[in-house]
Amino acid sequence: MWEVEIRGMASAHALLAGSVLVGSLMPALTVENSSVYGTHLVWLYSVSACIAVVNIAVFWLLGISPPTKKNTLSYKLSRLIRSCLYFLLSCLFFHTVVVLYGAPLLESALETFSLAVLLSTLTTLRCLCMLGPNVQAWIRVFSRDGAMSVWDTSLQITTGCSVVGAWLGAFPIPLDWDRPWQVWPISCSLGATGGFLTGLLAAPIWIRWHRKQLTYKLK
Amino acid sequence: MKRLPVLALLLWICCVFYVGIFLFVGGFLLVRLEVNRTSTCEDVLPPSYDATSPDFCPRHPRVRRAVILVVDALKAEFARYDPGNLSPRPFENKLPVLGETVSSRASQARLYTFRADPPTTTMQRIKGFTTGSLPTFIDVGNNFASSAVLEDNLIHQLGQAGKRVVFMGDDTWVSLFPKKFHRSLPFPSFNVKDLHTVDNGILQNIFPTMDGDDWDVLIAHFLGVDHCGHRFGPDHPAMAEKLTQMDGVIRSVMKRLQNDTLLVVMGDHGMTDTGDHGGESQKETDAALFLYSGSPLFPAPDAQQVEPEVVPQTDLVPTLALLLGVPIPYSSVGQVMLPLFPRNSQVEALWINAKQVHRFLETYSSMANDIPADSLSQLRARFSQISSQYMSSIRDGTPPPPELLASMQEYLSSVRETCRASWARFNPLKMAAGLLVLGFGCILCYVISELSVVILQGAMLKTPVLAGLMVGGAVAVGQIFTLGYVEVSWCLGAAVLFSEALFLWRARRVCPRGRLSHWSLLTPPLLVLLLRCASLLSDSYVISEGRVVTFLLFSLGVYVPLQLNWDGLLFPAPSTDTQKPPGLLAPSLPPSVVRRETGALLVCTGVLVACLYLSLSFHSCREEQGACQPSVFLTQLSRVQDSRLRNLHYVLSLASLSAWAFLLHRWLRHYGNLNCTGVGVFTARCLLPLASICMGLHWAVSATPDDTFRNLAELISLGQVILPRIAFGLLGLGSLLLWLDPLTVFLKTRAPLNSRGAVVPPPRYRASTGISPQAELHHLIPQLYQRIRQSLDNEGVKVTDPDGRPAVEAYGLGTVYSAPLVLLCGLMGLGMLLLHPEGMALAFLLLLLQAAALLHLHASSSNLSSQQSHSSVFSVPWTPVVLWSLAASQFFHATGHLPTFPSIQWGAAFVGFPQGHTGTALPASLVTLNTFSSHILFAVGCPLLLFWPLVHELRGYRTSRSGGGEDGDEVVMEMRLRENPQQFSSALLQLAARYLFINGAQVLASVCAAAILRRHLMVWKVFAPKLMFEASAFIVGSVFVLVGVALVMRVDAAVAHLFQRLIPENSR
């Protein structure tokens, strides 16, 4: 039981990590003169899009999302619309948080918003895929005994790692090294992506290591 | 409660830190006293020495006039000329005139390498080559808030001798030597990007001046080369252009030079490869010195030298003084440059020089004792030997032996070396000792905060302190026997170190097993503190310190609700209790209470975040931050040009001021602290608003433009003096009254007024009358508190008792500890606001709001997690303390301060004293209050962290837990502290020790930064000022922590007195 679940999760995570790689390579192959630093926003959106597509596809196929109570089209449609709305709201939320953390308010607002989109893709989108547009469930997941399956635990780990990665990414900005990656928001988005990848790697290992201690309540 | 042991322990911790700071600073910061005496021509040594000695200044100077061209940052490398170099870099071979002249007219010109002493900043260097001394980082003199040179200097001597000194160029000179010049043409030096204003200004004026006859000494200070270095670096075509321009200037000046005139071209310091300077690397210290005279001045050189000799910068002063025929400045330690004097007068020149240096050394060693005694006595012996040799040769009329020349030179250079060693060299042993003491101090703080209960019970302080004193005394005695004198710093260091070690050893023995684990240090609040300390080790982070602190505060503030949510305490989990065995879970809070507390917590987090973000707009700018605009609120209102903007600012400031006073008043009234007739209430009711009104009027008066109300000018100037003084007086009076009678409790015996009149059922506490007064006390307090609550719930309206108990109605007893503290903070905050620019009222309002948000955040989170904590009832966890202490640093920046010396708001010294001061103590304390206002406010308010959760304790919750008490009278707010005096004192000690630990760790980090990076380029610009500010902030902050704790003790004593008075009345 454990082995199967962990193996499934590891392969899903491998797919996600691969999507990050594909997303990084895509602009290099299609757009001329592209680099992670020079045309950072292209890279950022490409990675976000790839992660989003793979995320949705994986969770759709695996059927991890909570079973819907009603199977009518209108209900599905309203769920879809609510999910989109939540995603947008989360982008705005992250934008606000980043500005409050000290990002410039008016200048380079596009860069800040792009970072917010990336962060939403790494965190909110996974929540949406796994838990549906249900904020209470999200809040519940992020507590000590809130996880109800290995997927919830992996969600906790990857989300935490992404946010902490973005937070750590802000550290080198004030240094006077004059490196290209110190430009806003490159270090933060790289940090978030790195944190996400670390989380993807760490989650299966951590769960496997602690599989004796982990007990999940059934719904 | 144990008052004295707590205070003694805290005092001891503070002393440990003070000694550590003193030791380190003594080894790191080079302090020199200024000798404010001037030389005159009649100055001679005691007459017995030399009745026949020559005059102190020669009657017939060798040169009549001098032109001194200071080319800022003229590096030695720039002046070298190498014809063989075919592809010179932009800064090479651009001054051919120097090399050509030296080789073609060897008897008229010399080129030297001119070695400056660190710090190689322009102002220090100008001081250096005019006084001949070694200016250090801090020159202790009595020139408070002004940069004028008060030491004897060349400019002063030239003026005394009647020479007309004309100056043009860098305006630093004018601020250093105000009113000393015959004529001066200063040009602004501030804008580093401006390469040409100063130079072009000089070029327009220097040639007409030289052609005229209205000068004896002409000083021109060019800044273009230095600014070019700062802006582009030396390796840039602009540098070539600038140096070529300088070449032309020197040529034209030489053409106009008359025969009796000396030309000095010099650089004040060099520059690094990036164009910076300030440190002590050879690239920065080596400048060029070019001397040229219209007539032959130099004797024929003995041997042809390719490399120029190295001349210390101080040597120019005695040389110029003797050449121009003025006395050598009193505190010069330079040595005359012999090649400029003919062979027969060299000994005489050196003798004059040696006499002057000896006299200075005697004066200085009588004023200060930082020159080691043994080297001093050696120097004295050598001088007396020289003087006897010289005297005998004069008496005999024989030419002095050639060794005399060498021994005089040797004497002069060893004096200089001695001075350098004591003024310009670090003392690594002292620095290490200081570091050790500070490091142990931090460990000590941590141990005391973790083991506060055990340590207070054990009375562990006396032995270590006594033993430490004995060790210190022993060291002193040992020093007397071995060295002959006592060096205080080592005695103090030994005493403190020994007492620390003994205390820690004893603490280790009484420590319960497993109490001090290393892993408990790695909690997020301490991680944030670690990050904060690590950030002090990098100059970039120190430069943007304000934002760094805000970032960390924000992170820790957001962490609090996240952590609570992670523990499942933020939102009540619906119906999970059924699944768990009921015995395992502590009785949880009812969902409605949790929802209310969660709401409060989230609102507080929001307020905190908003305050943090808004506070960023009050920052000032360092000069290192390029594209940065200082906050608009920092300008004085009277300097705002636009009148509508000025009015807007004034209204905003006034609104924040009244909001500050209103919020305080509101809080006190809400908790029933404004009902009695005591002096404390008088302070809150009358003095606070009156002082605010005075401040508002003062701002209005000082903001009026000079030209609008001409007929009211006298009234306005009177108002500028009177109004702030009244405000200060009122606030001081308020604090004094608060100290004398801190109780804001209103007691009313209700028994006679009871409408039922008849037989009164005996109160419960009577049951215990026979036991002990202590037990009585314990029962009386809840009784008292119950009445307060009832009066509170009914907003002070008297109601008949439901059960008709005779009791005492006590208003404000629930906040008896926090009310005086809040009031004191309010008063002090107003006083410090008065010392700031008017616009800072908004920042102070933010400070109040943020402090309230932090306190509420702490109260709500401790309420929510109350069923989890089993440790001590009152113990304050690390998170709120770290938040509180980081907020002090944050508002240091958000009130427009920076850890640099130029950014000190000197204007604060003149609030209420527009005419200036006579002494230095008052202005210094005013400026200190202004600079560290946020540290002071947060330090005094520190005990509030202990009281706030009690003030906001959950009503009715404990009732339900205790099995449904009759009327829930267990809610006793701060009276809970009276019930557990032991835990109260240990919690207070723990809180203060934690606060001191956090501040001490920051001091330790900046000390480490200064010690590790003492050879760093930015050490004098960033790290040393940061260390000074951090250490001063710790000293001021710890004093005010003690004030806050002492006020709590005072209140506690007053409360005890009150109850003693009450018991006889009511228990009979």
Side-chain angles (χ1 to χ4, degrees), chain A residues 93-108 112 119 123 127 134-148 152-153 155-157 159-160 163-179 182-184 187-188 191 215-219, chain B residues 274 524 527-528 531 534-535 538-559 561-574 576 578-580 585 598 605-606 608-617 619 624-627 868 1017-1018 1022:
Chain A
F93 172 75
F94 274 116
H95 187 102
T96 319
V97 168
V98 170
V99 165
L100 286 175
Y101 254 117
L105 181 63
L106 296 177
E107 44 185 303
S108 63
T112 312
L119 278 171
T123 57
C127 291
N134 179 0
V135 179
Q136 297 217 318
W138 299 0
I139 292 172
R140 191 236 336 133
V141 163
F142 291 105
S143 65
R144 184 171 287 147
D145 11 275
M148 295 195 182
D152 285 359
T153 313
L155 181 67
Q156 283 176 357
I157 293 172
T159 307
V163 172
V164 169
W167 184 72
L168 287 174
F171 281 34
I173 294 177
L175 292 171
D176 55 356
W177 296 346
D178 288 331
R179 294 298 152 92
Q182 280 179 302
V183 179
W184 176 252
S187 57
C188 280
T215 49
Y216 294 116
K217 287 172 291 199
L218 294 172
K219 277 174 222 175
Chain B
T274 53
L527 212 61
V528 165
L531 282 177
S535 80
S538 156
D539 57 331
S540 306
Y541 286 129
V542 175
I543 285 170
S544 52
E545 192 193 0
R547 296 185 81 93
V548 171
V549 173
T550 314
F551 181 92
L552 291 177
L553 255 173
F554 186 95
S555 306
L556 196 57
V558 171
Y559 161 77
L562 289 182
Q563 166 70 31
L564 283 172
N565 186 44
W566 176 253
D567 289 336
L569 298 167
L570 200 55
F571 294 96
T576 46
T578 49
Q579 300 210 343
K580 297 227 169 185
L585 262 185
T598 303
T605 318
L608 173 67
V609 166
C611 285
L612 284 172
Y613 187 69
L614 289 178
S615 77
L616 285 178
S617 54
H619 282 204
E624 290 92 347
Q625 291 170 309
Q868 276 208 330
L1017 184 68
M1018 289 300 210
V1022 172

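Given the structure is predicted, the values throughout are model-derived calculations rather than measurements. Letters go in sequence order (proteins before strands), and every chain restarts at 1.
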Derivation and outcome, side-chain hydrogen bond (donor to acceptor under 3.5 Å, both in side chains), residues D567(B) and Q563(B): CA-CA 6 Å; D567(B) 289 336; Q563(B) 166 70 31; 2.9 Å; yes
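- Ring pair F171(A)/F551(B) is perpendicular by interplanar angle, where above 60° counts as perpendicular and below 30° as parallel.
- With values rounded to the nearest 0.5 angstrom, L527(B) atom CG is found 10.0 Å from L556(B) atom CG.
- With a 4.5 angstrom heavy-atom cutoff, I543(B) does not touch chain A via any of its atoms.
- Nearest heavy-atom pair, P561(B) versus V558(B), reported as atom, atom and distance to 0.1 Å: CD-O, 3.2 Å.
- With a 4.5 angstrom heavy-atom cutoff, S535(B) does not touch chain A via any of its atoms.
- The choice from S143(A), A170(A), P174(A) that makes the most heavy-atom pairs within less than 4.5 Å of chain B is S143(A).
- The one candidate from D176(A), L175(A), I173(A) that meets the side-chain contact (heavy atoms from CB on, under 4.5 Å) condition with Q182(A) is L175(A).
- Heavy atoms closer than 4.5 Å to chain B are found nowhere in W177(A), neither backbone nor side chain.
- Interface residue Q156(A): only side-chain heavy atoms are found under 4.5 Å from chain B.
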